[in-house]
Amino acid sequence: MSEFLTSGKLTLKAYVPGEQPQDKKYIKLNTNESPFKPSKKGIKGVIKASKNLQLYPDPEVKKLISAVAKTCGVKDENIITANGSDEILNFIFMAFCDGTTKAVFPDISYGFYSVFAKNNNVPFIEIKLNERFEINVEDYKSVNSTIFIANPNAPTGIALGLEDIETIVKSNPNNVVVIDEAYVDFGGESAIPLTKKYNNLVVVQTFSKSRSMAGARLGFCVANKQLIDDLKLIKYSVNPYNVNSMTYLAGVGVLSDEKYTKSNCEKIIKARDYTIKELRKLGFNVLNSKANFVFCEHKDISGEELYLQLKNRGILVRYFKKDRIDNFNRVTIGTMKQMKIYIETVKEILESKK
Ligand SMILES: *Cc1c(COP(=O)(O)O)cnc(C)c1O
């Protein structure tokens, strides 16, 4: 670092994204991307927009907002979009947290929450998940802080029911509750309908996972108009053109092809159920996942060794060197063909340990 970095940033530890190695072709099961190409309608949008790159995009991204609102069954005024849901989460930290309004989230959850908190000088509390890696709803009642819950959670894949979400939202009327639904399309229950009933609930979703758009960077957020207006205040103070024109029209195109998204999600769910069944047959402890990944551990091999051995054999999974979960691998669900190769390779590795 230079001598000019401000003292507040000296201890900041950046978020570490999953590997995107360029040295050879891997079966990539490490960053929860979709194994399927984006909808052709989305690609058409990119090509159309690319012909007018001399112009700024519509800062209001009106067509996209309307398409998202229609898909979610809410009004346009209830939606804001951004450069990935990561950017929305950062806007939320900027708008609804500060030195006195702390952030609260589970000890095992999306690693970016604590980075956003530190970068925005927001004190935060991590609440321990129970020994089965589940949220204890009581812990989140009247916490007097802004709450962040990924549902289904990452990296566990475990989903919280809507009733529990409602209990948490209801018991924190003076604070914003953020439900990060990056993985909701793979079998979770969305809290979007509750945004009509509660003025303190923010639901964040992304096009990165179920809609095969991780490279385009597009996320959105659903909440009542007042909360959305607060987030627009931040957006227009940071980056009014945060959704570029190619991503804008890609998003509109993808949303006009929900049948494709649904069918891809069904394929993932089928491959996930296969993977869970096979891993359990091999003696793995696999958490019940409602996401496009599974979280698993085996008593005969450490999480780190399995990760490294798989990498040697051309398969990338995610390993977190973190207290409580350092024996686990998080394995993204790819195509059925990829999952069969993964299972066969795991079998080989376990055999070689005998
Ligand atoms: C992937 C992910 C995101 C980030 O999604 P982008 O829209 O690609 O920025 C947010 N939250 C969770 C829990 C995720 O897993």
Side-chain angles (χ1 to χ4, degrees), residues 14-20 28-35 38 42 61 64 68 79-93 103 105-117 119 126 129 133 135 146-160 165 177-188 190-191 202-222 231 235 238-239 242-244 247-248 250-251 254-255 261 265 268 272 287 289-295 317-318 320 322 325 328 330-333:
Y15 176 73
V16 183
E19 304 165 85
Q20 300 286 0
K28 268 195 94 267
L29 308 177
N30 69 326
T31 46
N32 297 345
E33 291 143 327
S34 172
V61 287
L64 178 61
V68 172
I79 303 289
I80 185 169
T81 54
N83 188 318
S85 54
D86 285 341
E87 188 179 56
I88 304 240
L89 291 165
N90 196 29
F91 287 174
I92 290 170
F93 271 92
F105 37 85
D107 63 334
I108 295 161
S109 190
Y110 187 37
F112 223 143
Y113 300 149
S114 59
V115 178
F116 285 134
N119 194 35
E126 295 178 305
L129 295 175
F133 298 111
I135 278 179
T146 304
I147 297 172
F148 293 82
I149 294 176
N151 190 38
N153 196 10
T156 64
I158 293 175
L160 193 64
I165 302 267
V177 178
V178 183
I179 307 298
D180 179 351
E181 296 186 347
Y183 302 103
V184 74
D185 297 328
F186 304 103
S190 177
V202 172
V203 176
V204 179
Q205 289 194 11
T206 177
F207 281 63
S208 293
K209 277 92 189 207
S210 61
R211 294 193 168 85
S212 303
M213 293 248 292
R217 313 304 303 126
L218 183 59
F220 64 91
C221 160
V222 188
L231 292 171
K235 164 183 148 153
V238 175
N239 186 5
N242 61 342
V243 174
N244 73 69
T247 296
Y248 173 18
V254 164
L255 286 181
T261 297
C265 289
I268 297 288
R272 177 184 72 204
L287 304 189
S289 171
K290 293 277 186 197
N292 68 338
F293 56 84
V294 295
F295 205 46
V317 301
R318 192 86 191 261
F320 300 93
K322 182 180 156 91
I325 56 169
F328 281 82
R330 190 196 68 190
V331 184
T332 303
I333 302 300

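Values in this document were obtained by computation on a predicted structure and should not be read as measured data. When a ligand or atom number is given, it counts from 1 through the structure's own listing order.
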With no hydrogens and no angle check, is any side-chain donor or acceptor of E181 less than 3.5 Å from a backbone partner on A191?
-> yes
Please check if the side chain of T261 supplies one atom and the backbone of R211 the other of a donor-acceptor pair under 3.5 Å.
-> no
Side-chain donor/acceptor of N151 to backbone N/O of L160, under 3.5 Å | yes
In ligand 1, the atoms that come under 4.0 Å of a heavy atom of G84 are 7 (O), 9 (O)
CA sep, side-chain torsions, deciding dist, call: F116, F105, ring pair (Phe, Tyr, Trp, His ring centres under 6.0 Å) | CA-CA 12 Å; F116 285 134; F105 37 85; over 10 Å; no
Side chain proximity check, N32 to R330, heavy atoms < 4.5 angstrom | yes
Once the angle between the rings of F148 and Y113 is folded into 0 to 90°, is it parallel (under 30°), tilted (30 to 60°) or perpendicular (over 60°)?
-> tilted
Examine S85 against ligand 1 and note whether any of their N/O atoms are separated by less than 3.5 Å.
-> yes
Indicate whether the side chain of D86 and that of Y110 have a donor and an acceptor atom separated by less than 3.5 Å.
-> yes
Which of the atoms in ligand 1, numbered in the order shown and given with their element, are less than 4.0 Å from a heavy-atom of A182?
-> 2 (C), 11 (N), 12 (C), 14 (C)
Return the residue, atom name and 0.1 Å-rounded distance of the protein heavy atom closest to atom 12 (C) of ligand 1.
-> D180 OD2, 3.4 Å
Among F148, Y183, Y110, which residue places a heavy atom closest to atom 15 (O) of ligand 1?
-> Y183
Give the numbers and elements of all ligand 1 atoms closer than 4.0 Å to a heavy atom of K209.
-> 1 (C), 2 (C), 3 (C), 4 (C), 5 (O), 14 (C), 15 (O)
Just heavy atoms, cut-off under 4.0 Å: does F112 contact ligand 1 by side chain, backbone, both, or neither?
-> neither
Counting heavy atoms only, which part of R217 comes closer than 4.0 Å to ligand 1: side chain, backbone, both or neither?
-> side chain
Do ligand 1 and D86 have nitrogen or oxygen atoms that lie under 3.5 Å from each other?
-> yes
Using a strict 4.0 Å cut-off to heavy atoms of S208, name the atoms of ligand 1 that fall inside it.
-> 6 (P), 7 (O), 8 (O)
